[in-house]
Undergrad: 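Pasting in a structure now, in structure tokens, and then I'll have a few things to ask.
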There are 2 protein chains.
Amino acid sequence: MVALSTNLSQDFYKHVKELIFRPMKTVDKAMGLLRHFTPTQPEIGLSELARLADLDKATTRRILVSLSKHHFIEQNQITKAYRLGSGFLHLARVREATTPITAIANQTVDWLSEVTNETAHASVAGPSALITIAHKEPHRGTVVMIDPTEPLPFHATASGIAYLAFNDPEVMNAALRQQLGKYTEFTETNPDAIRQRVAKAKADGFFLNEHGFESDVAGLAMPYFNADGSAAGAIAVAMPITRKSEELVTKIKRNVAAASARITTAIGGVLHPNVQQLMR
Amino acid sequence: MVALSTNLSQDFYKHVKELIFRPMKTVDKAMGLLRHFTPTQPEIGLSELARLADLDKATTRRILVSLSKHHFIEQNQITKAYRLGSGFLHLARVREATTPITAIANQTVDWLSEVTNETAHASVAGPSALITIAHKEPHRGTVVMIDPTEPLPFHATASGIAYLAFNDPEVMNAALRQQLGKYTEFTETNPDAIRQRVAKAKADGFFLNEHGFESDVAGLAMPYFNADGSAAGAIAVAMPITRKSEELVTKIKRNVAAASARITTAIGGVLHPNVQQLMR
DNA sequence: GACCAACGGTTCAATATTGTCACCATCGGC
DNA sequence: GCCGATGGTGACAATATTGAACCGTTGGTC
């Protein structure tokens, strides 16, 4: 009886811990600072960064000083603002040498754009959105143009929904806790409706988004996978909505599935059955 | 008298602090872990990493867990080994959007290789060596081939010496404190001799290295500069030593200087006079 | 199949680091 | 010369980090 209750409470503790335990708060804070540097705001002053990250100025500065020792942060000597350093170039190269995802994604996207004759793009999970790592527009008149520096919000893009569908529910919860931007008048910003979309994507193995991020554009996306079966990112085709037909969608679906399989196997991941079956 | 001695001790304290004060040890440790991932050893187990970084296993693991929360570290689910995550792809893109050093370096290296008709390469400062960010071999028979994934050790390459020459002396001291590898039978590994080379490079504005990193290869390098006047990295030309002549070296020197100037201005840096005068 | 060594992973009291907050110096507008 | 903003700093209480010792597994050896 006593033993039982002890085991129970231990299990419960462990469970809670897995959910909320955050070792190394300091590291979390440091990494949290980095996410505020974006293509649209690449340099940030001390006070503003502290405000953004919800940290004390002194703390923020100490972290920045430490990061700059390792070339991860640089300071503009004139404005005193901070920006990302060259250290990331190095680590991105090492990462790419290990897992050549950018190279594979480029190849795959080129192929996908060619066979579908529409714009294709691939993305990986970033801190609060997906980041485009490869894109290609086909050579013809009306195509969807992509800004590769613009983050793809989870809730408003086909890629984002597809990514969330094959990841830990906690990732989705975190995504829905953010401010959900309205990019077109049709962008779905109701968390419950988005959860339904994610559930549908999980069942179908893909997601088709219309007008959600850009007007008059439909995107069809599937995730590609890590070795543990979770989504690592997404690959998608974007078409002008006027061109959308059942036939085209079927074709794109099959090709995107093949592209997902290609990237997944190249990075040593395991394909989810729901995606796999779409290749047929 | 009292005031004087107080000021003195405060100044002394401040001086010592600047030398040894390391705020945010935790951040230092976390960043220190990252440097052990290299193209040749991209996945590292917990115990080995702890040994390499000279940290406790428990500490190491807590840091890794925190980093992986932010996509900076991934774990191979089968071998349990850790590797760099996709987060760096994102930050490298942001950094590149801010300071397009890779793009500029590629252009410049292409040009430099064409006008000199020899192999050209550019590098940025990494944690313990320079990292190649761009390289180009000319189209002809005998040229020097470069492995772009191999780090360029500070002490054994023209680029490394040129970089150290225009940076804080403390960077050089740190570099010389490392194990100084012997890559050819001519590699200089005596710290004092290396210091002399660095001093010469500082006076000349460039450095010519022969047989130091690869046999039968001569490299001529100059730094390019940050906004604060310190070296950010180096640009170099490598030629087979059999082709080396006073005439060729003069030509290369002038062209490398132009290349350094181009990169420096593109990233908003200030060119050091010693390098500038070599363009004439 | 029993031993061993090495691995990944975890715990909790002891301890070192960090956050807080009040503070300075400087800048630009008014 | 004041105001409110900025970047930056220091002392000490509050808190997060540490590390020896501890599991439970795995894989090799005899």
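Letters A, B, ... mirror the listed sequences (proteins, then strands); counts begin at 1.
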Undergrad: Please say whether more than 12 non-hydrogen atoms of neighbouring residues, nucleotides or ligands are located less than 6.0 Å from CG in A:D147.
TA: yes

Undergrad: Measure the distance from CD on B:E48 to C1' on C:dA6 and round it to the nearest whole Å.
TA: 12 Å

Undergrad: Figure out the CZ/P separation between B:R51 and D:dG19, and round it to whole Å.
TA: 17 Å

Undergrad: Here's a test of your reading of the structure: between A:I63 and A:K57, which maps to the more 5' nucleotide of DNA chain C?
TA: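 Its nearest nucleotide being more 5', the pick is A:I63.
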
Undergrad: What residues, two or more places apart in sequence or in another chain, satisfy salt bridge (charged side-chain N to carboxylate O under 4.0 Å, His left out) together with B:R83?
TA: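 Once residues adjacent in sequence are excluded, the partners of B:R83 under the salt bridge (charged side-chain N to carboxylate O under 4.0 Å, His left out) criterion are B:E43, B:E74.
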
Undergrad: So, does the side chain of A:R62 form a donor-acceptor pair with the base of C:dG19 at under 3.5 Å?
TA: yes

Undergrad: Let me know the distance between CD1 of A:I78 and P of D:dT6, rounded to the nearest Å.
TA: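 Atom CD1 in A:I78 sits about 20 Å away from atom P in D:dT6.
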
Undergrad: With respect to the phosphate group of C:dT17, does any side-chain polar atom (N or O) of B:T26 fall under 4.0 Å of OP1 or OP2?
TA: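 For C:dT17, neither OP1 nor OP2 has a side-chain N or O of B:T26 closer than 4.0 Å.
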
Undergrad: Identify which one of A:R95, A:Q107, A:E96 satisfies the side chain to side chain donor-acceptor pair (under 3.5 Å) criterion when paired with A:T102.
TA: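 Only match with A:T102 under side chain to side chain donor-acceptor pair (under 3.5 Å): A:E96.
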
Undergrad: Think A:R61 has a side-chain N or O under 4.0 angstrom from the OP1 or OP2 of D:dG7?
TA: no

Undergrad: Considering heavy-atom distances to DNA chain C, does B:S47 or B:A58 have its closest nucleotide positioned more toward the 5' end?
TA: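 First, find each residue's nearest nucleotide; the 5'-ward one identifies B:S47.
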
Undergrad: Mind checking what makes ring-ring contact (aromatic ring centres under 6.0 Å, His included) contact with A:H272, not counting sequence neighbours?
TA: A:F166

Undergrad: With distance as the sole criterion, is a donor-acceptor pair present between the side chains of A:T40 and A:T38 under 3.5 Å?
TA: yes

Undergrad: Nearest whole angstrom, please: distance from the P of D:dA16 to the CG of A:L55.
TA: 13 Å

Undergrad: When you measure from the side-chain N and O atoms of A:Y82 to the phosphate of D:dG8, is any distance below 4.0 Å, counting only OP1 and OP2?
TA: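 Checking A:Y82 against D:dG8: at least one side-chain N or O falls below 4.0 Å of OP1 or OP2.
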
Undergrad: Separation of A:L49 atom CG from D:dG8 atom C1', in whole Å?
TA: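 Those two atoms, CG and C1', are 14 Å apart.
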
Undergrad: Report yes if a side-chain nitrogen or oxygen of B:K25 is closer than 4.0 Å to either non-bridging phosphate oxygen (OP1 or OP2) of C:dT17; otherwise report no.
TA: yes

Undergrad: Write down the distance between CG (A:L64) and C1' (C:dT18), rounded to a whole number of angstrom.
TA: 15 Å

Undergrad: In whole Å, what is the span from the NZ atom of B:K29 to the C1' atom of C:dT18?
TA: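 For the pair B:K29 NZ and C:dT18 C1', the rounded distance is 12 Å.
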
Undergrad: Taking CG from A:D28 and C1' from D:dA16, how many angstroms apart are they, rounded to a whole number?
TA: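 So the CG-C1' distance, A:D28 to D:dA16, works out to 12 Å.
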
Undergrad: Between B:D56 and A:K80, which residue's closest nucleotide on DNA chain D lies nearer the 5′ terminus?
TA: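 It is A:K80 whose nearest nucleotide is closer to the 5' end.
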
